[in-house]
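See below for the structure under consideration.
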2 protein chains.
Amino acid sequence: MSNNSVFIEKLRSSGLRPTRQRLQICKLLFDRQNTFHFSIQGLSKMIVNQHKEKKVSLATVYNTINAFKQKGYLKEISINSDKTYFDTNTSNHHHFFNESTNELIDLDNSEVGKIDIRKKIPGKKINSIEVIVKIANSN
Amino acid sequence: MSNNSVFIEKLRSSGLRPTRQRLQICKLLFDRQNTFHFSIQGLSKMIVNQHKEKKVSLATVYNTINAFKQKGYLKEISINSDKTYFDTNTSNHHHFFNESTNELIDLDNSEVGKIDIRKKIPGKKINSIEVIVKIANSN
DNA sequence: CAATAATTTATAATGATTCTAAAGTAGTGT
DNA sequence: ACACTACTTTAGAATCATTATAAATTATTG
Ligand SMILES: [Mn+2]
Ligand SMILES: [Mn+2]
Ligand SMILES: [Zn+2]
Ligand SMILES: [Zn+2]
């Protein structure tokens, strides 16, 4: 458990004042050992499960997550039209998507060989290269 | 312009009887030289622009596209939460996504070097590997 | 404390997609 | 053709995620 000031700074640098609600969200996301993937729905449930004095409205959850995304503290991952996931791992990396469980698993950049894009698009620059490996139970 | 029977068969094999509406959709998608990417909204506009006697309801468009997808005649591509695209190119291939224009461009399998996934997930099989290269104007 | 600015919240609006139920159309057997 | 049945289309409703709104609450400043 890090010092509160870390999270306060994270909010401030995202253009948000550190309020009770925002701090709760911020700690849920970043006060932990390992990065993780979540949906807004899942995050909302986590908030409810913490049984704090007051609830946090969905609007505040969305606003806070969007501010973090904007600032680059979160990545958004689109797997299919129905689900949007966010990732507290903002490093350059890829994903397995388990279609049986709807779970995301990180695929570190070092766990994928160099991706060789041989087609050029003149006048355009590459912003990102993302690999999604869809998996399922093998039996 | 191929023989109608090709499209009738495409519908039949998708479990759909060849009706006027479905044939119109089917030809829009497959009676052409090159494969292409589309959204439901875009496809609906194409249908309107054909000025046929009668309109085609959105429900029929969705139903028909979903049947083709199920059968494997269309691929669905998720780039971000807001937009779902379909692809009449069902071969194994990848995509550029132009973030300036929201356009998809095919990246043939042969235009990407072999993708080397070094991480194993025991008990799981790989269903697909998809690469999305996001691009934008370079200046 | 008073005045002001920022925040939270409930609720409404939006947009894509799916569902529903009624009306329309086609296929079958006579 | 006629009756009967099965399938299809359609408008509109329902759903769900997300964003917008506007009033109530809370924090900050003087
Ligand atoms: Mn879908
Ligand atoms: Mn988004
Ligand atoms: Zn990740
Ligand atoms: Zn394609």
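Residue numbering restarts at 1 for every chain, and letters A, B, ... go by the order of the sequence lines.
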Gap between atoms CD and C1', on B:Gln21 and C:dA23 respectively (whole Å): 13 Å
Under 3.5 Å side-chain donor-acceptor pair for A:Asp108 and A:His93: no
Value in whole Å for how far the P atom of C:dT25 lies from CD of B:Glu53: 13 Å
Any A:Thr84 side-chain N or O less than 4.0 Å from OP1/OP2 of D:dT18: yes
OP1 or OP2 of C:dT18 under 4.0 Å from side-chain N/O of B:Tyr62: no
Ring pair (Phe, Tyr, Trp, His ring centres under 6.0 Å), paired with B:Phe86, selected from B:Tyr62, B:Phe38, B:Phe68: B:Phe38
Length of the CZ-P vector between A:Arg12 and C:dT7, whole Å: 10 Å
Interatomic distance, B:Asn63 CG vs D:dT9 P [rounded to whole Å]: 8 Å
Phosphate-side-chain proximity, B:Arg22 and D:dT9, N/O vs OP1/OP2 below 4.0 Å: yes
Contact under 4.0 Å: A:Lys55 side-chain N or O vs C:dA10 OP1/OP2: yes
Least distance between heavy atoms, A:Thr60 atom then A:Ile25 atom: O-CD1, 4.2 Å
Given DNA chain D, 5'-ward residue of the pair B:Arg17 and B:Lys54, judged by closest heavy atom: B:Arg17
5' priority, DNA chain C, between B:Gln41 and B:Thr19 [closest heavy atom]: B:Gln41
Carboxylate-amine/guanidinium contact A:Asp116 A:Lys114, below 4.0 Å: no
Phosphate-side-chain proximity, A:Ser57 and C:dA10, N/O vs OP1/OP2 below 4.0 Å: no
Row check, B:Phe96 ring normal vs A:Lys119 NZ/CZ: under 6.0 Å, within 45°: no
B:Leu11 CG to C:dA26 P, straight-line distance once rounded to whole Å: 15 Å
Interatomic distance, B:Asn66 CG vs C:dC19 P [rounded to whole Å]: 10 Å
Interatomic distance where CG belongs to B:Leu16 and C1' belongs to C:dT25 [whole Å]: 16 Å
Distance in angstrom units between A:Leu23 CG and D:dA27 P, rounded: 12 Å
